[in-house]
Amino acid sequence: MKVTGRAALLVIGHGSRVRAANRLLRDVARRLRGRFPGRIVEACYLEASRPDVPSGIEACVRHGATRILLVPYFLYMGGHVGRDLPLLAARARRRHPGVSVRIARHLGADGRLVSIVADRARRGLRSSRWT
């Protein structure tokens with residue numbers, strides 16, 4: 001069965017009252033646009049910042065998305081990923097019955113992240129700046 005319509009990636013972060021902290025997620029979304037040409041890519045937040053997840057979903061729909069993949073930018077399967085995102089996805093499906101809404105896996109303990117942490121640790125251990 002061929003899937004038709006435009007796909008969207010909605011990258012979701014926790015959000016912070018510190019504006020500079022929220023720029024990181026917007027930068028991730030910008031970089032993902034380069035890796036997924038022709039796809040809609042938006043960033044949104046669960047708490048403390050805007051746009052929130054429902055607003056991010058609405059933006060995807062306004063841009064013509066018929067398939068939305070919620071992409072949690074979270075390390076842990078905590079309450080936000082395990083409870084809040086499924087509830088928000090279910091609400092979006094009810095509000096937009098013609099739109100498929102799914103959730104990607106959170107970042108978790110992916111080996112690529114372990115490699116990044118190991119690299120940072122090596123650099124830190126080599127650094128002459130110890131406090």
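Note that the structure is a prediction, hence the values are computed from the model and not measured.
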Counting C-beta onward and ignoring hydrogens, is there a side-chain heavy-atom pair between [X] and [Y] closer than 4.5 Å?
{"X": "E58", "Y": "H96", "value": "yes"}
{"X": "H80", "Y": "H106", "value": "no"}
{"X": "L87", "Y": "R83", "value": "yes"}
{"X": "Y73", "Y": "V28", "value": "yes"}
{"X": "L46", "Y": "I12", "value": "yes"}
{"X": "L113", "Y": "L75", "value": "yes"}
{"X": "L85", "Y": "P72", "value": "yes"}

(request) For the pair D27 and R31, find out whether any cationic side-chain nitrogen is under 4.0 Å from an anionic carboxylate oxygen. (result) yes
Between [X] (side chain) and [Y] (backbone), is there a donor-acceptor pair under 3.5 Å?
{"X": "R33", "Y": "V41", "result": "yes"}
{"X": "R6", "Y": "H63", "result": "yes"}
{"X": "R93", "Y": "V101", "result": "yes"}

Do [X] and [Y] share a hydrophobic cluster, counting only Ile, Leu, Val, Met, Phe, Trp and Tyr and linking them when any side-chain heavy atoms are less than 4.5 Å apart?
{"X": "Y45", "Y": "L69", "value": "yes"}
{"X": "L107", "Y": "F36", "value": "yes"}
{"X": "V99", "Y": "L88", "value": "yes"}
{"X": "V71", "Y": "I103", "value": "no"}

Roughly how far, to the nearest 0.5 Å, is [atom2] of [Y] from [atom1] of [X]?
{"X": "I40", "Y": "R67", "atom1": "CD1", "atom2": "CZ", "result": "10.0 Å"}
{"X": "S16", "Y": "L25", "atom1": "OG", "atom2": "CG", "result": "11.5 Å"}
{"X": "L9", "Y": "R39", "atom1": "CG", "atom2": "CZ", "result": "7.5 Å"}
{"X": "E42", "Y": "I57", "atom1": "CD", "atom2": "CD1", "result": "11.5 Å"}
{"X": "S55", "Y": "R62", "atom1": "OG", "atom2": "CZ", "result": "8.0 Å"}

So which heavy atom on [X] is nearest to which on [Y], and how close?
{"X": "H14", "Y": "F74", "result": "N-CZ, 3.5 Å"}
{"X": "L10", "Y": "V53", "result": "CD2-O, 4.1 Å"}
{"X": "C60", "Y": "I68", "result": "CB-CD1, 3.8 Å"}

(request) Apply the test side chain to side chain contact (heavy atoms under 4.5 Å, CB included) to residues S100 and T66: give CA-CA distance (whole Å), side-chain angles for both, the deciding distance (0.1 Å), then the verdict. (result) CA-CA 6 Å; S100 172; T66 57; over 6 Å; no
(message) Would you say CZ of R26 has more than 12 non-hydrogen atoms from neighbouring residues, nucleotides or ligands within 6.0 angstrom?
(response) yes
(message) Checking side-chain polar atoms at under 3.5 Å, does S49 have a donor or acceptor matched by the opposite partner on N22?
(response) yes
